[in-house]
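Below, chain A is the first sequence line, B the second, and so on; all start at residue 1.
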Amino acid sequence: MSELASEPSSAALSRTWIEHRPTGQGVRLEPTPSQTVGPFFGYALPFPGGPDLAPAGHPDTVTVHGYVYDGAGNPLPDAILDFWQAAPDGSRTGTPGSLRVDASNGELLGRDGVRFTGFGRVATTGDGHWALHTLPPAADAPYIAVGVFARGLLHHLYTRIYLPDAPDDALLSGLTPERRSTLRAREDATAAAGRAYRFDIRIQGDESEETVFLDFA
Amino acid sequence: MVTQQEIDKEIAELAGRVTPGGHPPRLYPPYRSSILRSPRQPLTLVTDPDAIELWTPVFGTGDVTELDADLTVRHSGEPIGERITVTGRVTDRDGRPVRNQLVEIWQANAAGRYVHRREQHPAPLDPNFTGAGRALTDANGDYRFTTIKPGPYPWGNHVNAWRPAHIHFSLFGTAFTQRLVTQMYFPGDPLFAYDPIFQAVTDPAAQQRLIAVYDHDRSVPEFSLGFRFDIVLDGPSATYFEEDHQ
Ligand SMILES: [Fe+2]
């Protein structure tokens with residue numbers, strides 16, 4: 001640790017550090033710092049079918065949707081959300097095939113409609129709205145993990161979506177009812193999309209408003 | 001709008017602070033957009049060894065081809081600008097390579113213009129350059145992109161605000177907790193001192209970890225200049241969770 005704490009700060013010395021740093025055990029490398037995703041990711045990060053985690057036409061498909069808000073209550077037109085969840089059978093290892101590239105022209109095809117990859121990605125529209133179509137997560141990991149990225153956010157945030165019938169797990173049990181309710185999606189009877197749930201993300205607010213964000217240390 | 005001098009003063013007041021992992025604080029007022037887009041409540045610590053976030057989405061050879069890492073061959077002609085290769089190794093904090101994992105990049109063209117409808121900068125688009133690429137790391141955690149050096153560009157944070165030249169990076173690790181979005185900068189950029197996004201990383205040692213190294217041995221004769229940008233991902237993973245927390 002001390003070796004890294006005394007890490008030199010000039011560019012020339014930094015080069016020495018980078019090239020000679022150990023790749024083995026014992027020494028903890030200092031991480032690469034986060035930077036904001038900025039406003040111009042729109043032609044790079046979203047991919048076709050990013051919101052459609054559920055295989056096409058699957059009868060258990062649910063829609064989870066909502067808005068992303070800032071501390072003034074304004075929707076974010078330039079946020080992008082990553083979603084990650086266990087497969088319905090409880091598998092946590094994920095499956096490739098979220099992007100699928102057409103090798104002939106480099107265009108992304110999106111998923112094949114058969115495999116459940118566990119990964120989804122949705123950019124908010126101009127009104128701050130997003131919608132995800134997925135299968136309910138497995139009972140032993142009964143939540144959808146979310147990574148929140150946006151212009152203005154220097155380091156992304158993690159939260160979780162729990163559907164209304166998900167049991168209280170260690171995280172939920174440790175929260176006050178007020179804070180816990182920010183992680184519960186609500187039944188949305190108004191949606192035209194079959195089984196639908198509403199989940200808003202408030203990046204900033206008082207205890208009852210601000211979404212619970214997570215730290216994994 | 002506020003002047004550069006006022007932003008400089010705010011930057012100076014916060015400079016030098018050492019933060020966990022060198023990450024920027026989410027609230028960094030010189031970067032005006034962070035003021036309403038940062039939490040006020042403390043984060044909630046999750047230590048559950050079965051948390052899904054300790055596993056990661058995976059990508060395969062059906063998701064990314066080698067050509068996706070060359071941003072200079074997407075169109076019928078060659079893009080304008082200095083051709084560069086950017087290579088590096090992705091590891092976790094114990095130096096273990098992050099293998100077969102997705103690296104995504106996006107950037108402005110040589111004139112500092114993004115292919116994005118919301119982009120207002122009156123610099124020319126380049127019909128031969130889009131500026132987005134993808135790669136999978138190899139068995140050593142190494143990645144390689146061929147592109148052109150992006151230009152600096154103005155933005156609306158304050159009067160005369162300019163971003164240093166940078167390439168945006170998005171990375172996945174061996175766990176969702178290791179997810180990283182960052183920006184790679186070029187050595188010796190005169191705009192570092194004025195940029196509140198770069199300066200939001202307040203620890204000078206951590207700033208250096210955002211700057212690629214010019215590596216003459218990686219320059220390709222008669223073709224491209226070589227830059228090295230190694231990336232260390234933060235955060236626990238299922239594979240190593242137990243030893244990390246003993
Ligand atoms: Fe940028």
Quiz item: If you count heavy-atom pairs under 4.5 Å with chain A, which of B:H168, B:Q207, B:R134 comes out on top?
Solution: B:R134

Self-check item: Side-chain touch B:Y185/A:Q35, heavy atoms, less than 4.5 angstrom
Solution: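 Yes, their side chains come closer than 4.5 Å.
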
Quiz item: Between A:L214 and chain B, which part of the residue has a heavy atom less than 4.5 Å away: side chain, backbone, both or neither?
Solution: both

Self-check item: Where A:S98 and B:D63 come nearest, the two heavy atoms and their spacing
Solution: N-OD1, 3.4 Å

Exercise. Grab the two heavy atoms, one from A:G205 and one from B:R40, that are nearest each other, plus how far apart they are.
Key: O-CB, 4.2 Å

Quiz item: What part of A:R111 lies closer than 4.5 angstrom to a heavy atom of chain B: side chain, backbone, both or neither?
Solution: neither

Quiz prompt | Part of A:R202 lying under 4.5 Å from any heavy atom of chain B | solution =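 The answer is neither part of A:R202.
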
Practice problem: Pick whichever of B:T177, B:T65, B:D234, B:V201 has the most heavy-atom pairs under 4.5 Å with chain A. | Solution: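 Looking at each of B:T177, B:T65, B:D234, B:V201 in turn, B:T177 comes out on top.
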
Quiz prompt | Contact class of A:A170 relative to chain B, heavy atoms under 4.5 angstrom | solution = neither

Self-check item: Part of B:F169 within contact of chain A (heavy atom distance under 4.5 Å)
Solution: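 Answer is neither: B:F169 stays 4.5 Å or more from chain A.
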
Practice problem: Could you tell me whether a side-chain N or O of A:Y143 sits under 3.5 Å from a main-chain N or O of B:I52, the two making a donor and an acceptor? | Solution: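 Side chain of A:Y143 to backbone of B:I52, a donor-acceptor pair under 3.5 Å: yes, one is there.
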
Self-check item: Flag if over 12 foreign heavy atoms under 6.0 Å of CD, B:E66
Solution: no

Self-check item: A:S34 to B:T182 - nearest heavy-atom pair and separation
Solution: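 Answer, listing the atom of A:S34 first, then B:T182: C-OG1, 4.1 Å.
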
Practice problem: Just give me the residue among B:G21, B:G188, B:S170, B:P42 that pairs up with chain A most often, heavy atom to heavy atom, under 4.5 Å. | Solution: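 The option with the most such pairs is B:G21.
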
Quiz prompt | Proximity breakdown for A:F41 and chain B, heavy-atom pairs closer than 4.5 Å | solution = both

Quiz item: Of the backbone (N, CA, C, O) and the side chain (C-beta and beyond), which part of A:P142 lies under 4.5 Å from a heavy atom of chain B, both, or neither?
Solution: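 Neither part; nothing is under 4.5 Å.
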
Quiz item: Where does A:I144 contact chain B at under 4.5 Å (heavy atoms): side chain, backbone, both or neither?
Solution: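 Neither; nothing under 4.5 Å.
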
Exercise. Kindly say whether the aromatic ring centers of B:F176 and A:F216 come within a distance under 6.0 Å.
Key: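 No - the distance between ring centres of B:F176 and A:F216 does not fall below the 6.0 Å cut-off.
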
Quiz item: After noting the C-alpha distance and the side-chain angles of A:L157 and B:L43, does the key distance pass the side chain to side chain contact (heavy atoms under 4.5 Å, CB included) rule?
Solution: CA-CA 9 Å; A:L157 290 164; B:L43 303 188; 4.3 Å; yes

Quiz prompt | Intermediate values then yes/no, side chain to side chain contact (heavy atoms under 4.5 Å, CB included), A:L99 and B:L102 | solution = CA-CA 11 Å; A:L99 305 177; B:L102 180 66; 4.0 Å; yes

Quiz prompt | Under 4.5 Å from any heavy atom of chain B - which part of A:V212 | solution = side chain

Quiz item: Are the side chains of B:P57 and A:T117 in touch, meaning some heavy atoms are under 4.5 Å apart?
Solution: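 Of all side-chain heavy-atom pairs linking A:T117 with B:P57, none is under 4.5 Å.
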
Practice problem: For residues A:P33 and B:A206, report the shortest heavy-atom separation together with the two atoms involved. | Solution: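 Closest approach of A:P33 to B:A206, heavy atoms only: CG-O, 3.5 Å.
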
Exercise. Calculate, to the nearest 0.5 Å, the distance between atoms CG and CG belonging to B:L36 and A:L153 respectively.
Key: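 CG of A:L153 is found 12.5 Å from CG of B:L36.
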
Quiz item: Side chain, backbone, both or neither: which part of A:F40 has an atom under 4.5 Å from a heavy atom of chain B?
Solution: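 For A:F40, backbone and side chain are both near chain B.
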
Quiz item: So which of A:E207, A:Q204, A:E209 actually passes side-chain contact (heavy atoms from CB on, under 4.5 Å) with B:Q41?
Solution: A:E207

Quiz item: Taking all atoms of both residues into account, what is the closest heavy-atom pair of B:L210 and A:T32, and its distance?
Solution: CD2-CG2, 4.2 Å

Self-check item: For chain B, the option from A:A145, A:A150, A:G147 that forms the most heavy-atom pairs under 4.5 Å
Solution: A:A145

Quiz item: Roughly how far apart are A:H156 NE2 and B:L180 CG, rounded to 0.5 Å?
Solution: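 Answer rounded to 0.5 Å: 7.5 Å.
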
Quiz prompt | Greatest number of heavy atom pairs closer than 4.5 Å to chain B - which of A:G94, A:G71, A:A86, A:P96 | solution =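 Option with the top pair count is A:P96.
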
Quiz item: chain B heavy atoms under 4.5 Å from A:Y43: which part of the residue, side chain, backbone, both or neither?
Solution: both

Practice problem: Taking all heavy atoms of B:A51 and all of A:R92, pick out the closest pair and write down the distance. | Solution: C-NH1, 4.1 Å

Quiz prompt | Distance in Å, A:I203 CD1 paired with B:S38 OG, rounded so as to fall on 0.5 Å steps | solution =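 Reported to 0.5 Å precision, the distance equals 8.5 Å.
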
Exercise. Answer yes or no: is there a donor N or O on one side and an acceptor on the other, between the side chain of B:R93 and the main chain of A:L29, under 3.5 Å?
Key: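 Yes: the side chain of B:R93 pairs with the backbone of A:L29.
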
Exercise. For each of B:Q183, B:E104, B:R179, tally heavy-atom pairs with chain A at distances under 4.5 Å, and name the one with the top tally.
Key: B:R179

Quiz item: Looking at B:T56, B:D50, B:L67, which has the largest count of heavy-atom pairs under 4.5 Å with chain A?
Solution: B:T56

Practice problem: Check each atom of A:D82 against the heavy atoms of chain B and say whether the ones under 4.5 Å are side chain, backbone, both or neither. | Solution: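 A:D82 touches chain B through backbone and side-chain heavy atoms alike.
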
Practice problem: Go through A:D78, A:D169, A:N105 and name the one with the most non-hydrogen pairs under 4.5 angstrom from chain B. | Solution: A:D78

Quiz item: Is it true that the side chains of B:S33 and A:R151 contain a donor and an acceptor less than 3.5 Å apart?
Solution: yes

Practice problem: Would you check if the side chain of A:W84 reaches a backbone N or O of B:W55 as a donor-acceptor pair within less than 3.5 Å? | Solution: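 Judged by distance alone, yes, a pair lies under 3.5 Å.
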
Self-check item: chain B interface, residue from A:L171, A:T95, A:L76 that has the most non-hydrogen pairs under 4.5 Å
Solution: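 Counting heavy-atom pairs under 4.5 Å, the top option is A:L76.
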
Quiz item: For the atom pair CG (B:L27) and CG (A:L154), what is the distance rounded to the nearest 0.5 Å?
Solution: 9.0 Å

Quiz item: Is there side-chain contact between A:T36 and B:Y31, with heavy atoms separated by less than 4.5 Å?
Solution: yes

Quiz item: A:L175 versus chain B, heavy atoms under 4.5 Å apart: side chain, backbone, both or neither?
Solution: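 The answer is the side chain of A:L175.
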
Quiz prompt | Largest heavy-atom contact set with chain A, pairs under 4.5 Å, which of B:L171, B:L233, B:I197 | solution = B:I197

Quiz item: Do A:F213 and B:T44 touch side chain to side chain, with heavy atoms closer than 4.5 Å?
Solution: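 They are not in contact (no side-chain heavy atoms under 4.5 Å apart), so the answer is no.
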
Exercise. Sort B:P20 into side chain, backbone, both or neither according to what part of it lies under 4.5 angstrom from a heavy atom of chain A.
Key: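 Neither; nothing under 4.5 Å.
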
